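Since the structure is predicted, the reported quantities are computational estimates derived from the model, not experimental observations. Each chain gets a letter, A, B and so on, in the order its sequence line appears, and its residues count up from 1.
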There are 2 protein chains.
Amino acid sequence: MMEAIGAATMFHALSNTDRLAVLRALVAAGPDGLSAGEIAEQVGASPSRASFHLSALSDAGCVTRERQARSQRYRVDFERMGQLLAYLLEDCCGGNEQVRNCCVSHKSCC
Amino acid sequence: MMEAIGAATMFHALSNTDRLAVLRALVAAGPDGLSAGEIAEQVGASPSRASFHLSALSDAGCVTRERQARSQRYRVDFERMGQLLAYLLEDCCGGNEQVRNCCVSHKSCC
DNA sequence: CTTTCATTTCAATGGTTCTTGAAATAAATT
DNA sequence: AATTTATTTCAAGAACCATTGAAATGAAAG
């Protein structure tokens, strides 16, 4: 379960289109994730800019990092993202039916 | 369906504990919503500070506002919040099963 | 042990966000 | 019309965020 401060921190990490692009790239890459360099290239950011955004995502808990030889491998932290989704649904929407249905079949409502 | 810039704007609106408290108050209030003054009182903010946060939530589309005599009535915009939840699930998590299950029975995974 | 490669950290800069209290607007009441 | 009530807007200041390029770190290879 997640408290407000943690949710706010994750929401902040998601409040930037560069960082959303990073997540899309990681989702597209699948279970192996991507290295910092691959991410930088895919989202069209300089290494230091990519690193800045990756730190924000990692500090908030949206992604995990793992060193692999010279490079750093990043993956989406689905457990943590699931907790955030639960927070959004329960705390921000009171478990509203219309919102909940978006998970079951997201074509029917959104 | 929601594009990245709209999602980022909504995520930014949710990235502040005062604004999360506003949403909790609105959810607790039910379908009638709350006036700006009631919200300010419930979250312990000055009128101008509450108004600042309400504008952020309203501009992002998290809540609707409607004038009612002298006061302004705010409500959660569940349609828009559902779209954001769908964005979080699909674009940020690739429809991941573990994340999706949080909506069906959020005790089982989070 | 020096070089190379991958990534992060740092300092400087410019931009955005939040808070506060005062002034302005908007709508109803007297 | 003047007053009261509800809310927003404004200006100033502090705090925080994002971008850049250069310097520093970490890990492997020659």
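Atom CG of A:D18 is separated from atom P of D:dT19 by 5 Å (rounded to the nearest Å). Atom C1' of nucleotide D:dA6 and atom CG of B:L34 are separated by 15 Å, given to the nearest angstrom. Computed from coordinates, the B:H53 NE2 to D:dT7 C1' distance equals 16 Å when rounded to whole Å. Across the protein-nucleic acid pair, B:H12 atom NE2 and D:dA18 atom P stand 9 Å apart, rounded to whole Å. Here C:dT17 presents its C1' atom at 16 Å from CG of B:L14, a figure rounded to the nearest Å. B:L57 places its CG atom 14 Å from the C1' atom of C:dT17, with the value rounded to the nearest Å. Remark: C1' of C:dA6 and CD of A:E41 are 13 Å apart, rounded to the nearest angstrom. In this structure, CD of A:E38 is placed 14 Å from C1' of C:dC5, rounded to the nearest angstrom.
Candidate nucleotides D:dT20, C:dT9, C:dT19 were compared by shortest atom distance to the side chain of B:R49, and C:dT19 ranks first. With C:dC5, D:dT20, C:dA28 as the candidates, the nucleotide lying closest to the side chain of B:R70 is C:dA28. Taking the side chain of B:R67 as heavy atoms from C-beta on, and the options C:dA27, D:dT8, D:dC17, the nearest nucleotide is C:dA27. When each of C:dT8, D:dT7, D:dA28 is scored by its nearest atom to the side-chain atoms of A:A36, the top-ranked nucleotide is C:dT8. Checking D:dA18, C:dT8, D:dT8 against the side-chain heavy atoms of B:Q72 singles out D:dT8 as nearest. Comparing D:dT7, C:dT7, D:dC17 by their closest approach to the side chain of B:S71 singles out D:dT7. You'll find that the side chain of A:F52 is closest to D:dT19, out of D:dT19, C:dT19, D:dT8. The nucleotide whose nearest atom lies closest to any side-chain atom of B:P47 is, among C:dT8, D:dA18, D:dT8, D:dT8.
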Subject >> disulfide bond (SG atoms under 2.5 Å apart) between B:C103 and A:C103, intermediate numbers included >> reply: CA-CA 6 Å; B:C103 295; A:C103 295; 1.7 Å; yes
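Note that CG of B:D77 and CG of B:L57 are 11.0 Å apart. Values are rounded to the nearest 0.5 Å. For the atom pair B:S15 OG and A:N16 CG, the distance stands at 11.5 Å (nearest 0.5 Å). For the atom pair A:H53 NE2 and A:L23 CG, the distance stands at 12.0 Å (nearest 0.5 Å). In this structure, CG on A:L84 lies 8.0 Å from CZ on A:R80, to the nearest 0.5 angstrom.
Taking the charged nitrogens against the carboxylate oxygens, A:R24 and B:E90 have no contact shorter than 4.0 Å, which rules out a salt bridge.
Within the 4.0 angstrom heavy-atom criterion, only backbone atoms of the sugar-phosphate kind lie near B:R19; the bases stay farther away. When heavy atoms are screened at a 4.0 angstrom cut-off, B:R65 is found touching the sugar-phosphate backbone but no base atom.
Mapping A:A56 and A:A69 onto DNA chain D by nearest heavy atom places A:A56 at the nucleotide closer to the 5' end. Residues A:Q68 and A:S48 each lie close to DNA chain D; by heavy-atom proximity, the contact nearer the 5' end of the strand is made by A:S48.
Regarding contacts with the backbone of C:dT17, every side-chain N or O of B:N16 stays at 4.0 angstrom or more from both OP1 and OP2. For C:dA6, the OP1/OP2 oxygens have no side-chain nitrogen or oxygen of A:Y74 closer than 4.0 Å. Between B:S55 and D:dT8, a side-chain N or O to OP1/OP2 separation shorter than 4.0 Å is absent.
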